[in-house]
Amino acid sequence: MTSYKELGLVNTRDMFAKAVKGGYAIPAYNFNNMEQLQAIIQACVATKSPVILQVSKGARDYANINLLRNMARGAGEYAAELGCAIPIVLHLDHGDSFETCKDCIDNGFSSVMIDGSHFSFEENIALTKKVVEYAHAHDVTVEGELGVLAGIEDEVSSAVSHYTKPEEVVEFVSRTGVDSLAISIGTSHGANKFEPSQCTRNADGVLIPPPLRFDILEEIEKQLPGFPIVLHGSSSVPMEYVNMILAYGGTLKDSVGIPEEQLRKAAKSAVCKINIDSDGRLAMTAMIRKVLADKPGEFDPRKYLGPARDELKKMYMHKNINVLGSANNA
Ligand code: G3H
Ligand code: 13P
Ligand code: ZN
């Protein structure tokens, strides 16, 4: 058993209280490897931002939980060495079972998500409550989810029925004891968040997505005043990176994300955690493709992973300063 406190990490409680009060959102960036972690920490230190390091089940399988835990410990020491000991949370993203959550809590995670959103309301409550009881006994915070984010294969009409129902949130939060709630208001995972048929096109042919359902968010805020709300699927899918990937041999199609202004608006509300993974994947891939195309003889991974890391840092700094508003809140 390793407590996150031994690793110099914090849970989300104070972080979220400050974010809700301050009208900004904490960046929740996924990482799977050293370069992503370096970029996140460098960007958050440079902007003096608190940060949530997210580990998915896929990341655990890819990188190993012992390595990830020790990387998070190292991240704290690295931040201090860079000149700002920012608060760092190590969070399980989309925990799929009590056992996975328990394993992460026992291995130094300070926050877990239990994603019971695919179950019935009662099953979701029962599973989430079980995780909360174990987590709170270890002073670990828990994120639950109500409502299902549309998958890229969903029809618009069926996606509508998956939005979070504001009339369910009070009962869910009070019966489970969760510390934060992920909701569905129109975001979705990946780089193709909407079908082209759901979007309009601007003069340059760029897809413009339908707006997020701020009316549902406002209703949820009314039901749960001051309660921390989480937005998944919040990559903006920057055209700059999509175009670079296409220019250097990639085959992305119909990529569309959540416009930054809408995320900025959400961050000023009760949304205090914004999850971003795909944009990091796009930025790294774009730069790696460019470097390898410009220098076909290069075979030292540091020569292409280094520029990819620098590009990632630049992108995360922009998000902290201009989108989430988390800069200068460490
Ligand atoms: O929400 C999903 C995250 O983007 C993690 O994706 O399971 O491929 O690591 P992954
Ligand atoms: P994106 O795919 O939009 O980056 O969302 C990531 C996410 O929600 C991780 O939980
Ligand atoms: Zn997610």
Side-chain angles (χ1 to χ4, degrees), residues 11-30 49-52 54 89 91-95 110-117 121 124-125 128-129 131-132 135 141-150 159 162-189 193 211-236 258-277 319-320 323-326 329:
N11 68 26
T12 57
R13 205 165 286 125
D14 285 353
M15 215 182 245
F16 284 171
K18 284 186 197 151
V20 171
K21 238 176 147 180
Y24 60 91
I26 310 289
Y29 297 135
N30 289 69
S49 169
V51 70
I52 296 173
Q54 297 207 127
V89 167
H91 174 79
L92 169 66
D93 190 25
H94 293 283
S110 58
S111 171
V112 292
M113 174 190 194
I114 177 68
D115 184 353
S117 60
F121 186 62
N124 189 358
I125 288 182
T128 305
K129 188 169 185 300
V131 171
V132 168
T141 40
V142 179
E143 175 183 322
E145 178 162 345
L146 259 188
V148 180
L149 268 65
H162 297 306
Y163 291 140
T164 305
K165 297 183 179 123
E167 64 275 20
E168 288 184 347
V169 298
V170 171
E171 184 179 348
F172 185 82
V173 166
S174 59
R175 284 178 62 194
T176 58
V178 280
D179 303 281
S180 60
L181 182 67
I183 60 165
S184 171
I185 57 165
T187 62
S188 66
H189 293 107
K193 298 193 183 300
L212 297 181
R213 291 291 304 271
F214 282 99
D215 56 324
I216 298 178
L217 174 59
E218 277 163 30
E219 195 47 47
I220 291 169
E221 282 191 76
K222 269 191 215 148
Q223 299 291 327
L224 293 171
F227 190 79
I229 300 297
V230 177
L231 268 196
H232 282 247
S234 296
S235 279
S236 294
I258 310 297
E260 291 185 343
E261 324 76 78
Q262 294 195 36
L263 295 170
R264 185 75 206 96
K265 181 173 168 186
K268 286 181 179 160
S269 73
V271 170
C272 65
K273 172 175 180 271
I274 290 192
N275 287 14
I276 295 168
D277 186 0
K319 288 186 186 291
N320 292 352
V323 184
L324 310 185
S326 63
N329 286 296

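Numbers here are sequence positions counted from 1.
- Classification of the His232-His94 ring pair by plane angle, with boundaries at 30° and 60°, yields perpendicular.
- In terms of heavy atoms, Leu217 sits closest to Ser269 at CD2-OG, 3.5 Å.
- Residue pairs meeting the salt bridge (charged side-chain N to carboxylate O under 4.0 Å, His left out) criterion with at least one partner in residues 14-24, sequence neighbours excluded, are absent.
- How far CD1 of Ile229 is from CG of Leu224: 5.5 Å, rounded to the nearest 0.5 Å.
- For the side-chain contact (heavy atoms from CB on, under 4.5 Å) test with Ser111, the passing option among His91, Glu143, Gln54, Met15 is His91; the others fail.
- The distance from atom CG of Leu181 to atom CD1 of Ile220, rounded to the nearest 0.5 Å, is 7.0 Å.
- With no hydrogens or angles considered, a side-chain donor-acceptor pair links Ser326 and Ser49 at under 3.5 Å.
- Counting all heavy atoms, side chain and backbone alike, Asn124 lies closest to Gly116 at CG-O, 3.1 Å.
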Can you check side chain to side chain contact (heavy atoms under 4.5 Å, CB included) on Thr128 and Val178, steps first, answer last?
CA-CA 8 Å; Thr128 305; Val178 280; 3.3 Å; yes

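- Here the closest non-hydrogen pair linking Ser236 and Ile258 is OG-O, 2.8 Å.
- In this structure, the side chain of Thr141 engages the main chain of Thr12 through a donor-acceptor pair within 3.5 Å.
- Tyr163 OH to Asp215 CG: the interatomic distance, rounded to the nearest 0.5 Å, is 9.0 Å.
- Among Val271, Ile274, Asp277, the one residue that satisfies the side-chain contact (heavy atoms from CB on, under 4.5 Å) test with Ser234 is Ile274.
- Annotation for Lys193 and Ser235: closest pair CE-O, 3.2 Å, computed over non-hydrogen atoms.
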I would like to know whether Ile125 and Phe172 meet side chain to side chain contact (heavy atoms under 4.5 Å, CB included); could you show each step before the answer?
CA-CA 6 Å; Ile125 288 182; Phe172 185 82; 3.6 Å; yes

For the pair Tyr24 and Asn320, evaluate side chain to side chain donor-acceptor pair (under 3.5 Å) and give the outcome as yes or no after the intermediate values.
CA-CA 9 Å; Tyr24 60 91; Asn320 292 352; over 6 Å; no

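- Between Asp93 atom CG and Asp115 atom CG the span is 8.5 Å, to the nearest 0.5 Å.
- Of all heavy-atom pairs spanning Pro166 and Gln223, the tightest one is O-CG, 3.7 Å.
- The existence of a salt bridge linking Arg264 and Glu261 is excluded, since no basic side-chain nitrogen approaches an acidic carboxylate oxygen closer than 4.0 Å.
- In terms of heavy atoms, Val20 sits closest to Cys272 at CG2-CB, 3.9 Å.
- Rounded to the nearest 0.5 angstrom, Glu219 CD and Ile183 CD1 are separated by 11.5 Å.
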Quick one: do Ile52 and Lys273 satisfy side chain to side chain contact (heavy atoms under 4.5 Å, CB included)? Show the steps, please.
CA-CA 8 Å; Ile52 296 173; Lys273 172 175 180 271; 3.7 Å; yes

Hey, mind stepping through His189 and Leu149 against side chain to side chain contact (heavy atoms under 4.5 Å, CB included) and telling me if it holds?
CA-CA 8 Å; His189 293 107; Leu149 268 65; 3.7 Å; yes

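- Side chains of Val169 and Phe227 form no contact here, defined as non-hydrogen atoms less than 4.5 Å apart.
- Rounded to the nearest 0.5 angstrom, Lys268 NZ and Leu324 CG are separated by 12.0 Å.
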